Engineer: 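Below are the structure tokens for one structure; questions will follow.
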Amino acid sequence: MSAEESIVPSNFIRNRVEADVKDGKNAGRVATRFPPEPNGCLHIGHAKSIVLNFGLAKEFGGTCNLRFDDTNPSTEDMEHAESIVEDIRWLGFDWGENLFYASDYFEPLYQMAVRLIEMGLAFVDDQNAEEIRANQGTLTDAGTNSPFRDRTVSENLDLFARMKAGEFEEGEKVLRAKIDMSSSVLTLRDPLMYRIQKGEHPRTGKAWSIYPMYDFAHGQSDAIEKITHSVCTLEFRDHRPLYNWFIERLELKPAPEQIEFARLNLTHTITSKRKLRELVEGGHVSGWDDPRMPTLRGMRRRGYPPAAIRDFCEGVGVANRDSVIELSRLEYSIRQDLNKNATRVMSVLRPLKVVIENFPEGEVDELEAVNNPEDEAAGTRKVPFSREIYIERDDFMEEPPKKFFRLSPGREVRLRYAFFITCVDVVKDESGEVTELRCTYDPETRGGDAPDGRKVKGTLHWVSADHAIEAEVRLYSHLFDCEDPGELSKGPEFIDHLNSESLEVIENAQLEPSLRDAEPGHSCQFERLGYFSMDPDSTKAKPVFNRTVTLRDTWGKVLKKEKK
RNA sequence: UGGGGCGUCGCCAAAUGGUAAGGCAGCGGCCUUUGGAGCCGCCAUUUGUAGGUUCGAGUCCUACCGCCCCAACCA
């Protein structure tokens, strides 16, 4: 690790942990956990939490457990758990033997509930959901005590045991903590601890007919695993008093400490589980792994390197105030990684044929090209040059504006790693569309430099027409046309803000032949265009490449500005 | 509305009573066989507002303004 990389920005959580370690709290031990619910797909927001939790453990020589929060069998399944495992591994983290499930603790949790009943701190409530809600009170008014609140311990014990035994139907009874129905903290108004669910649990099957609620399960699970710092998002702030209440009453030691931080938000995207699902089910994207999705699977398919995602998550910092990160910050991390690591290749997205009139027909010249100017060890490769080549349509203009220094009639430019060429003629069809360029080349400039020292302003990428591989290229950009699709509570639905140009498919891109043996997942830079990653949809006959991210494009900026 | 949080540059974010880091974005320039990368420079006389305490305040106090979260048998 270089000195540069080792500079981890400080944040309030790291500072807290550091202070705890220094104070000798928990004998200096640090244990965190990442607690996903196996009912959805991991996304960039989860990545931040993963990086934070595993990062803390690593930095302080501790452990980070992966714990599935599987307390609601009606919404959770093992398929999600498996995909989550795969995603976290891909992101680059390892929990060793420390894979746990909240369902591992159903028995001890049940015993804890019994103890609270015995202490007179929990009771079985016969009210149904509507009644409980009605007696909950409002933000300003206290709730009212359940008529069943004063049942005797033995009655509660009996009822709870029978709930467990499956004697009651769903919704018929719940177990609640006896705290304070007039508390201004709503989570303290006799919160539910257990509800009855008759379905099958993916791991425990039919063994239980009662399941603990989040508030009753999470803190104690942390305590059982001897978690020292239980990091969660801001909306759980109000749950902290309850988190601590259970742990204190049950005298669970050492007591874990809940610390809340602000979840990650990104412009031009959404991370709400519900909305993500709507995108998939509504057919607005091709699936959970659509390269436009902010899911880890989507980003993987898009070609985002896991190290870049980690760098991004660390780079944006951790705070306890809501924030929205600009997408450009993510792209910066992606480019930074790929610039160092991706090999360069020349591919033409929108081909324009160029005939080199003075280059002998049938002859092929093998030119040497650098694989990665940022990494000498990446070496060089040979690229075939011949009489007919393709260049990018955008690289030719018949009537060039002032700052355009690519090809135009009479002008000389460099073909990268090859020769200087001069455009001598423009061939058009009846409609006036340019169909072909006739050029001459200067054999003296082989490799790209003129012995007489003359300079050219432009350097173009190109590919030999006879040698090129035809490919499909999918150009992606942000899924939404506004910065905050998630905040459109008033006004149009988020779905109405889908960017109609988030995917452009090019069917006949021409790739450099060295890409012939590439495998899906392979990332490279198409010089002057951007970074691309080979898609699993690829076939031998027709490779498919996804654009991961464009290169920074200062010429594009100039054009945009002049349009205005 | 009761409670809990939070307001530092367009976006993130440091600064823990000692005189406003850094990154992204943006803007200039240098360099360049990628209009990429790299390099150099510019970019908060001021921390939501108004008062107060102090030799000294982004940090402490008061009031006000604004934003977020909480009334699932979800997590």
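Each chain gets a letter, A, B and so on, in the order the sequences are listed, and its residues count up from 1. The structure displayed is predicted, hence computed values, not measured ones.
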Engineer: Checking all strands, does A319(A) fall into the base, sugar-phosphate, or nothing category for heavy-atom contacts under 4.0 angstrom?
Structural biologist: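 Sugar-phosphate contact only - A319(A) comes under 4.0 Å of backbone atoms but never of a base.
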
Engineer: Once you apply a heavy-atom cut-off of 4.0 Å, does T187(A) come out as touching a base, just sugar-phosphate, or nothing?
Structural biologist: nothing

Engineer: Give me, pair by pair, the N or O atoms of the protein and of nucleotides 16-18 of chain B that are less than 3.5 Å apart, along with how far apart they are.
Structural biologist:
none

Engineer: Can you tell me how far C1' in G36(B) sits from the matching atom in G7(B), rounded to whole Å?
Structural biologist: 39 Å

Engineer: In whole angstrom, give me the gap between the C1' atoms of C69(B) and C11(B).
Structural biologist: 22 Å

Engineer: Could you tell me whether F312(A) contacts a base, only the sugar-phosphate backbone, or nothing, with contacts defined as non-hydrogen atoms closer than 4.0 Å?
Structural biologist: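 The residue F312(A) makes no contact with any strand.
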
Engineer: What does E374(A) touch in the nucleic acid at a heavy-atom separation under 4.0 angstrom: a base, only the sugar-phosphate, or nothing?
Structural biologist: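 Base contact - E374(A) has a heavy atom under 4.0 Å of at least one base atom.
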
Engineer: Using a heavy-atom cut-off of under 4.0 Å over every strand shown, decide if H218(A) touches base, sugar-phosphate, or nothing.
Structural biologist: nothing

Engineer: When you match V318(A) and N372(A) each to their closest nucleotide on RNA chain B, which lands nearer the 5' end?
Structural biologist: V318(A)

Engineer: Can you tell me, in whole Å, how much space there is between the C1' of C40(B) and that of A14(B)?
Structural biologist: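 So the two C1' atoms sit 24 Å from each other.
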
Engineer: For N72(A), report the nucleic acid contact type (base, sugar-phosphate, nothing); a contact means any heavy atom under 4.0 Å.
Structural biologist: sugar-phosphate

Engineer: Look at all strands and tell whether Q127(A) reaches a base, only sugar-phosphate, or nothing, counting heavy atoms closer than 4.0 Å.
Structural biologist: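 Answer is base: heavy atoms of Q127(A) come under 4.0 Å of a base.
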
Engineer: Over 60° means perpendicular and under 30° means parallel, so classify the ring planes of F246(A) and F216(A), tilted if in between.
Structural biologist: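 Perpendicular: the ring planes of F216(A) and F246(A) meet at over 60°.
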
Engineer: Considering only heavy atoms, which members of residues 325-335 of chain A lie under 4.0 Å from some atom of RNA chain B?
Structural biologist: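 The stretch gives I325(A), E326(A), S328(A), R329(A), Y332(A) as the residues lying under 4.0 Å from the strand, ordered by number.
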
Engineer: Has the side chain of E392(A) got a donor or acceptor atom that lies under 3.5 Å from a matching backbone atom of R350(A)?
Structural biologist: yes

Engineer: Decide if atom NZ of K403(A) counts as having more than 12 heavy atoms of other residues, nucleotides or ligands within a radius under 6.0 Å.
Structural biologist: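 No, not enclosed.
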
Engineer: If you count heavy atoms of other groups shown closer than 6.0 angstrom to NZ of K198(A), is the number above 12?
Structural biologist: yes

Engineer: Classify the angle between the aromatic ring planes of Y441(A) and F419(A) as parallel (below 30°), tilted (30 to 60°) or perpendicular (above 60°).
Structural biologist: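 Perpendicular.
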
Engineer: What does K340(A) touch in the nucleic acid at a heavy-atom separation under 4.0 angstrom: a base, only the sugar-phosphate, or nothing?
Structural biologist: nothing

Engineer: Determine the contact category for Y194(A): base if any of its heavy atoms lies under 4.0 Å from a base atom, sugar-phosphate if only primed atoms, P, OP1 or OP2 are that close, otherwise nothing.
Structural biologist: nothing

Engineer: Distance between the P atoms of G26(B) and G66(B), in whole angstroms?
Structural biologist: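 Taking atom P in both G26(B) and G66(B), they lie 34 Å apart.
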
Engineer: Please give the distance between the P atoms of U34(B) and C68(B) as a whole number of Å.
Structural biologist: 48 Å

Engineer: For U59(B) versus U46(B), give the span between their P atoms, rounded off to a whole number of Å.
Structural biologist: 15 Å

Engineer: So, S464(A) side chain and I389(A) main chain: donor-acceptor pair closer than 3.5 Å or not?
Structural biologist: no

Engineer: With a 3.5 Å distance limit and no angle check, can you tell me whether E487(A) reaches the backbone of D484(A) through a side-chain donor-acceptor pair?
Structural biologist: no

Engineer: Return whichever of K273(A) or K455(A) has its heavy-atom-nearest nucleotide of RNA chain B closer to the 5' end.
Structural biologist: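 Between the two, 5'-proximity favours K455(A).
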
Engineer: Evaluate the side-chain proximity of P241(A) to L188(A): yes if any heavy-atom separation is below 4.5 Å, no if none is.
Structural biologist: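 They are in contact (side-chain heavy atoms under 4.5 Å apart), so the answer is yes.
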
Engineer: What is the nucleic acid contact for Y211(A), judged by heavy atoms within less than 4.0 Å: base, sugar-phosphate only, or nothing?
Structural biologist: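 Counting heavy atoms under 4.0 Å across all strands, no contact is made by Y211(A).
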
Engineer: Should we say atom CZ of R203(A) is surrounded by more than 12 heavy atoms from elsewhere, each under 6.0 Å from it?
Structural biologist: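 It does: R203(A) CZ has more than 12 such atoms within range.
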
Engineer: Just to verify, which of F106(A), Y194(A), Y105(A) counts as forming a ring pair (Phe, Tyr, Trp, His ring centres under 6.0 Å) with Y211(A)?
Structural biologist: F106(A)

Engineer: Taking everything shown except E366(A) itself, do over 12 heavy atoms lie less than 6.0 Å from its CD?
Structural biologist: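 Counting other residues, nucleotides and ligands, CD of E366(A) exceeds 12 neighbours.
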
Engineer: What nitrogen or oxygen pairs link the protein and nucleotides 1-5 of chain B at under 3.5 Å?
Structural biologist:
residue: G2(B); atom: N9; partner: L139(A); partner atom: O; Å: 3.3
residue: G2(B); atom: N2; partner: S184(A); partner atom: O; Å: 3.3
residue: G2(B); atom: N3; partner: L139(A); partner atom: O; Å: 3.1
residue: G3(B); atom: N2; partner: D238(A); partner atom: OD2; Å: 2.8
residue: G4(B); atom: O2'; partner: D238(A); partner atom: OD1; Å: 3.4
residue: G5(B); atom: OP1; partner: R237(A); partner atom: NH1; Å: 3.1
residue: G5(B); atom: O5'; partner: R237(A); partner atom: NH1; Å: 3.0

Engineer: Base, sugar-phosphate or nothing for M213(A)? Non-hydrogen atoms, less than 4.0 Å.
Structural biologist: sugar-phosphate

Engineer: Taking the P atom in each of A37(B) and G18(B), what is the distance between them to the nearest angstrom?
Structural biologist: 39 Å

Engineer: Describe the nucleic acid contact of V370(A) in one word from base, sugar-phosphate, nothing, applying a heavy-atom distance below 4.0 Å.
Structural biologist: nothing

Engineer: With a 3.5 Å distance limit and no angle check, can you tell me whether T233(A) reaches the backbone of E235(A) through a side-chain donor-acceptor pair?
Structural biologist: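 Side chain of T233(A) to backbone of E235(A), a donor-acceptor pair under 3.5 Å: no, none is there.
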
Engineer: Remember a base hit wins even if backbone is also touched, and classify P373(A) as base, sugar-phosphate or nothing at under 4.0 Å, heavy atoms.
Structural biologist: base

Engineer: Taking any heavy-atom pair under 4.0 Å as a contact, classify E527(A): base, sugar-phosphate, or nothing.
Structural biologist: base

